[in-house]
Amino acid sequence: MFRLFRSLIVSLLIYTCALPMCAVSADDAAPVTAADAESLLARAATDSTNGRQRQAARRAARAAQIAERLGDEILMVRATAAEGRSLALAGEPEQARLRLEAAIAHARAANHPEITAAATNDLGSLLSAQGEFEAALRQFEASIADAAASGDEMQVLRATLNRARTLQQIGRVPESREAIRGIRTRLHALPDSTQKVALFTSAGQLVAVNASEVALQPADFVLAEAWLREAAACAARIGDARGQSYALGYASELLAAAGQHEAALTLARQAIHYAQLVAAPESLYRWQWQVGRLLKQQNELVAAVDAYRGAVGTLESVRQDLAASTRAAGPDDGFRHNAGPLYVELVDLLLQQAVMGADATQREDLLRQARDTMETLKSAELEDYFEDDCVAGLKSKTVGIDTLAAHTAAVYPVVLPDRLALLVSTRDHLRLYESPVNAATLEGEVAQLRARLEKRSTYQYLPHAKLLYDWVMRPLEADLQAAAITTLVFVPDGVLRTVPLAALHDGTGFLVERYAVATVPGLTLTDPRPLGSSPSLALLSGLTESVEGFAALPAVAGELDSVSKIYPGTRLQDGDFTPQSFAEALTAANYSVVHIASHGQFGENLEDTFLLTHAGRIGMDDLEREIGRTATREQPVELLTLSACQTAAGDERAALGLAGIAVKAGARSAVATLWSVNDRASGSLISAFYQALKGEGASKAAALRTAQLALLAEPRYRHPAYWSPFLLIGNWL
């Protein structure tokens, strides 16, 4: 199967890349003439071709403003359409749609079918990427009609190919094939150009996708290869190195799918050469990745690792804009889905090398490289979820990945296709353990455990909790006991984020009965320093009343009462708890603890993630802004507690957001729940947690364990549904 990105990129222009966004230079300042606006549009087009989509959108927007001041309606429409196109490629679908619809309406009113044809094609691509396939087909058909009316054969063919792609996406493969075959002769008749190369390449790619939906048939292979070779030949004739890179790279994927690995390797290396000639990292990493895969298939592991390292390094240089461009296609087709396997495959190779006869020093170095690669991926995932590249800024403030206290072990599960790898760090060693469970089986068991843990009236969770213990903990338990480990810091991967690992069961007791347990999104995203010894003030906020249809939480009043006796400070309850009052209170005093006892939701997207107040919601960006202002204080927010939040069962993206809450908010630690808990049980646990935290030398992880054990000791709350969803996230000391 091809690793083809289902995103706006292939529909709008397959050459779209993702170079880092740059600031608009000083020579763009204050243009005032039509010529200046045209210059801005030309530079925007260059930026877009080179992947600088946000910069392209800014230039186009400024050109539109100038055109509007000059009263040049056509220039304004062209600029608005260009802005919409770049916004779509930058992962801003709502703004893109507004701009494109405005451009289409004005162009139709002014009877300019050539502008309408291009804009409707771009709008169709946007709609298709958002899953609105029927609406997309209508836009493509309108584009074909307008382009034909204006005599723009290239645009006719472009819209026809995009329509064929959309037909393929909704399963109308015969119609898609017919449309593709119908344009070949017409495309040959056009003069050579970069647009012609793009269409040849896109057509060949689409034939391959159609074929791979079932199996690659000989006739499909011949047709797809012919399209791609024609694209490469056309690109060579006009000196289009970028076009050659794409055509040869996709041809390499085609040959690899057909089992022609040597020929595929040759083409992939040629694709790398041409991508390097034009400094095109957005395609370069893909062909480096392809070379790595092919070398791995030939069992040339050392060379394969070098190719994978090159691909990861190249991808890191374009990652932020690539994540933005794929975000519009939805979380199931975003950065982790498309690019995550590159990191995981490199980790797999490094682990294989570590096992294959390396000496002790080399082995630990390879394990460290594998872990560092996963750390890079985890940072990228958080930045993608929070749509915020500032998440990585925390790295400069951390003490270091191997700064672990005595009697503490960091457990780093890595979910691989055929096994579960467990990298375990202690103060002195980094070791590898493995469980022979494949990713699909692991995912199924985790889903079963999560579903049954929330059923308070049954013990159906127990077989699944035991099986997961056998996979995650059994291989390493003897070494942990020998090292007198008392605290486990988990860095969960994938589906393992969706369950509370404290609820794993060894047959005699829960994991929390042996260890204090903490969760971190990544060791380089955690600042492990003990809680300050200076007096702590708390900002306590909560709702007891029903708001926006969410259930009332009557026990919250008692919860806030108990916490206020331990940590004095400011209290905002019910009508006093609003986004504005919360923000104002945070600036009024130096709070080390921020406690919010209200409904919270972590969804698969940032816009579905919020905390409920009496008069509106606090989003994650709001929380970051308000708590982030305390970061420069002598005593910033040490602990953020969210005692009634929840994530959807089995939603890895939502669990990722929960895992990253402390990083996003700018707090050193967070306590939050995977699912909403009985508010009386929640109040009891929270009170016990804060009381334990006040103890001499108590760590946050140990304090949470004390509180969980207290609930577990009560017969009415022994079921893990009551105590296990509470997670300590971030700094565990």
Side-chain angles (χ1 to χ4, degrees), residues 292 295-296 298-313 342-379 395 398-439 442 469-493 496 501 514-515 517-518 520 522-526 528 732:
L295 289 171
K296 180 174 67 173
Q298 296 175 359
N299 207 33
E300 297 183 30
L301 296 188
V302 174
V305 166
D306 287 341
Y308 270 95
R309 283 187 179 130
V312 167
L342 168 59
Y343 297 82
V344 175
E345 288 169 23
L346 173 56
V347 168
D348 195 352
L349 282 172
L350 290 168
L351 296 180
Q352 289 181 48
Q353 280 193 313
V355 171
M356 292 171 58
D359 63 36
T361 301
Q362 291 174 325
R363 177 185 173 88
E364 186 151 335
D365 181 59
L366 287 165
L367 296 180
R368 204 172 304 281
Q369 290 178 40
R371 190 184 59 187
D372 290 347
T373 302
M374 287 301 299
E375 282 288 305
T376 302
L377 175 58
K378 289 178 185 297
S379 294
K395 288 184 180 181
T398 58
V399 176
I401 193 168
D402 288 316
T403 306
L404 293 172
H407 310 298
T408 300
V411 182
Y412 215 117
V414 182
V415 181
L416 298 170
D418 61 341
R419 67 196 188 284
L420 175 65
L422 299 148
L423 291 163
V424 180
S425 301
T426 59
R427 214 170 200 184
D428 303 315
H429 298 288
L430 175 61
R431 292 190 172 95
L432 171 66
Y433 306 84
E434 293 184 336
S435 289
V437 53
N438 63 50
L442 178 67
Y469 185 95
D470 289 341
W471 291 336
V472 175
M473 290 301 303
R474 195 74 68 187
L476 46 122
E477 62 179 358
D479 287 343
L480 294 179
Q481 291 170 14
I485 297 299
T486 58
T487 299
L488 297 179
V489 180
F490 283 99
V491 193
D493 184 39
L496 290 174
L501 295 170
R514 288 194 178 187
Y515 304 98
V517 177
V520 297
L523 289 174
T524 54
L525 293 169
T526 304
W732 58 91

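Along the sequence shown, the residues carry numbers beginning at 1.
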Side chain to side chain contact (heavy atoms under 4.5 Å, CB included) test vs R371 passes for just one of L430, V491, L432, namely L430

CG of N299 to CD of Q352, rounded to nearest 0.5 Å, is 8.5 Å

Report yes if some heavy atom in the side chain of L496 is under 4.5 Å from a heavy atom in the side chain of F490; otherwise report no.
no

To the nearest 0.5 angstrom, please state how far the NZ atom of K378 sits from the OH atom of Y343.
13.0 Å

How many angstroms lie between CD in E375 and CZ in R368, if you round to the nearest 0.5 Å?
12.0 Å

Is any side-chain heavy atom of W732 closer than 4.5 Å to a side-chain heavy atom of T408?
yes

Would a 4.5 Å heavy-atom cut-off, applied to side chains only, mark K296 and D348 as touching?
no

Flag the pair Q362 / Q353 as yes when at least one side-chain heavy-atom distance between them is below 4.5 Å, and no otherwise.
no

Output the distance between atom CD (E434) and atom CG (D418), rounded to the nearest 0.5 Å.
8.0 Å

Separation between CG (L301) and CE (M356), nearest 0.5 Å, reads 5.5 Å

Atom OH of Y412 and atom CG of L523: how far apart are they, to the nearest 0.5 Å?
6.0 Å

Evaluate L377 against V347 for side-chain contact (heavy atoms from CB on, under 4.5 Å), listing each step before the verdict.
CA-CA 11 Å; L377 175 58; V347 168; over 6 Å; no

Where A304 and G292 come nearest, the two heavy atoms and their spacing:
CB-O, 3.6 Å

Might you point out which heavy atoms bring D493 and V415 nearest each other, and give the distance in Å?
OD2-N, 3.2 Å

For residues R431 and L476, determine if any side-chain heavy atom of one lies less than 4.5 Å from a side-chain heavy atom of the other.
no

Check L351 against A421 and note the closest heavy-atom contact, atom names and distance.
CD1-CB, 3.6 Å

Provide the closest heavy-atom pair for D470 versus S435 in the form atom of the first, atom of the second, distance.
O-OG, 4.3 Å

Knowing that exactly one of T373, L366, V302, V305 qualifies, which makes a side chain to side chain contact (heavy atoms under 4.5 Å, CB included) with L349?
V305

Exactly one of T487, I485, L501, V489 clears side chain to side chain contact (heavy atoms under 4.5 Å, CB included) with Y515, and that residue is I485

Please name the pair of heavy atoms, one in T426 and one in A409, separated by the smallest distance, quoted to 0.1 Å.
CG2-CB, 4.1 Å

Just jot down the salt bridge (charged side-chain N to carboxylate O under 4.0 Å, His left out) partners of D306, sequence neighbours excluded, or say none.
R309

Mind running side-chain contact (heavy atoms from CB on, under 4.5 Å) on L488 and M473 for me, showing each step along the way?
CA-CA 11 Å; L488 297 179; M473 290 301 303; 3.7 Å; yes

